[in-house]
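On a predicted model such as this, the values are computed, not experimentally measured, just so you know. The sequence lines fix the lettering, A, B, ..., with proteins before strands; numbering per chain opens at 1. Just the heavy atoms: all of them, side chains too, but no hydrogens, waters or symmetry mates, feed the values below.
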Protein chains: 2
Amino acid sequence: MTQEQFAKYSFLLDRTARKVKQYAQQQFKLGDFDVTVDQWLVMKNLSENGPMSQTELAGLVFKDHPTLTRIIDLLSKKGYVERVPHPQDRRSFQLHLTDSGVSKVAALRPQILEIREKAWENLNQTDFDEFKRILNTIYQNLDGQEIEE
Amino acid sequence: MTQEQFAKYSFLLDRTARKVKQYAQQQFKLGDFDVTVDQWLVMKNLSENGPMSQTELAGLVFKDHPTLTRIIDLLSKKGYVERVPHPQDRRSFQLHLTDSGVSKVAALRPQILEIREKAWENLNQTDFDEFKRILNTIYQNLDGQEIEE
DNA sequence: TACAAATAATTAGTGTGACAAATATATGAA
DNA sequence: TTCATATATTTGTCACACTAATTATTTGTA
């Protein structure tokens, strides 16, 4: 294994991740979903884990705070999410899905699950397990921290 | 395999790709490399394949034309790359590394190869082959076109 | 109590990614 | 030759990623 190969794998990883995101975004657009892939990720996590602060949510979706602030701004303009002042801590907000946000998640979830399947055709369970293991190994190599599940 | 799992793998892929890029960019910054990871990719390809048009280069690095135009603008401001008018086709440019660009590539290449190694610790040749195969399968699933190599 | 340090969120600035539209030039067919 | 079409590149717009700095508030400690 030459050093050159490592650069090529990094390139391949980046290229593939972009393609997966781009494909999903195109399908979102075709379906007039009115949210981006990243906005969906945020709404999905709010839906599954209930109201939480931006810091907690940022940790869940692995986005930095400025990025999350802007995604929340956009979702809030669209009326899917609202910032409710935290009762004890005035620096902080609790993020809630609005009724409209809840309906949106319910409407989109099955369609998005289908879109997400396409990338994984022609691969089997062993491939998925290996892939997950390798991705997690890479992440850990660079993170210097443990990761869970 | 539930549909939910596919969404998780997509998330993991995106997260890992971002981490790899982020780690590299941090190291670039620590070393005062004066280029970004993507700018380096462009310079490296120019260095290895000689002068070429923006369209050719965009194909090599899998970036779209507007993105490449802007990266070339930045590299050109930094004096590492120049656009030379194509002798036969006035719509087109030949991209050249300047002398300064050539030196830059020579100086950075070994350091960057080392940085790139870190992600792949604790993995063996079989892992690399599997990883590459799976990434390429995913890409093909979504691209609708054949890929080479 | 008072004040330094920590925390939650935002703002600002730069770079990249995707998509659409515009500009300039080249090519091929009538 | 002329005109429609194709090609190379750029411009514009929006969204996301990362860093650094800022604001507001809370917490820990003297």
Legend entry - Closest-nucleotide 5' rank along DNA chain C - winner of B:Ile71 and A:His65: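 Here A:His65 is the residue nearer the 5' end.
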Inset, instruction - Nearest-nucleotide wise, let me know which of A:Gln26 and A:Ser53 is further upstream toward the 5' end of DNA chain C. - result: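 Closer to the 5' end of DNA chain C: A:Ser53.
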Inset, instruction - Answer yes if B:Leu74 and B:Ile72 sit in the same cluster of Ile, Leu, Val, Met, Phe, Trp and Tyr residues linked by side chain heavy atoms under 4.5 Å apart, and no otherwise. - result: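 In one cluster with B:Leu74: B:Ile72, no.
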Inset, instruction - Round to a whole Å and report the spacing from CH2 of B:Trp40 to P of C:dT16. - result: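 Checked: the CH2 to P distance equals 15 Å.
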Legend entry - Distance, rounded to the nearest Å, where B:Asp38 contributes CG and D:dC16 contributes P: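 To the nearest whole Å, that distance equals 18 Å.
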Pick base, sugar-phosphate or nothing for [X], based on heavy-atom distances below 4.0 Å to the nucleic acid.
X       : answer
A:Gln88 : sugar-phosphate
B:Leu68 : nothing
B:Gln25 : nothing
B:Thr55 : sugar-phosphate
A:Asp64 : base
A:Arg18 : sugar-phosphate

Nearest to side-chain heavy atoms of [X], which nucleotide of [options]:
X       : options                : result
A:Gln39 : D:dT26, D:dT9, D:dC16  : D:dC16
A:Thr36 : D:dC16, C:dA18, D:dT25 : D:dC16
B:Thr69 : D:dT11, C:dT7, D:dC16  : D:dT11
A:Ser92 : C:dG17, C:dA8, D:dC16  : C:dA8
B:Asp89 : C:dG17, C:dA26, D:dC18 : C:dA26
A:Lys21 : D:dG12, D:dT26, D:dA17 : D:dA17

Legend entry - Heavy-atom neighbours of A:Asn124 CG exceed 12 at 6.0 Å: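 Count over threshold, so yes.
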Taking only side-chain N and O atoms of [X], does any of them lie within less than 4.0 angstrom of OP1 or OP2 on [N]?
X       : N      : answer
B:Gln22 : D:dC18 : yes
B:Lys63 : C:dG17 : yes
A:Arg91 : D:dT26 : no
B:Arg70 : D:dG12 : no

Inset, instruction - Hey, which sits more toward the 5' end of DNA chain D by its nearest nucleotide, B:Gln94 or B:Lys29? - result: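 Nearest-nucleotide comparison on DNA chain D picks B:Gln94.
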Inset, instruction - May I ask you to decide if the ring planes of A:Phe28 and A:Phe33 are parallel, tilted or perpendicular, using 30° and 60° as cut-offs? - result: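 It falls in the tilted class, 30° to 60°.
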Inset, instruction - Test side chain to side chain donor-acceptor pair (under 3.5 Å) on A:Gln39 and A:Lys78 and set out the steps. - result: CA-CA 11 Å; A:Gln39 288 163 19; A:Lys78 291 177 183 172; 2.8 Å; yes
Inset, instruction - Could you tell me which non-hydrogen atom of A:Arg18 sits nearest to which non-hydrogen atom of B:Val61, and how far apart they are? - result: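 For A:Arg18 and B:Val61, the tightest heavy-atom pair comes out as NH2-O, 4.0 Å.
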Inset, instruction - Please report the C-alpha distance between B:Gln3 and A:Glu117 in whole Å, then the side-chain angles of each, then the deciding distance to 0.1 Å, and finally whether the side chain to side chain donor-acceptor pair (under 3.5 Å) criterion is met. - result: CA-CA 7 Å; B:Gln3 279 183 319; A:Glu117 277 191 50; 2.6 Å; yes
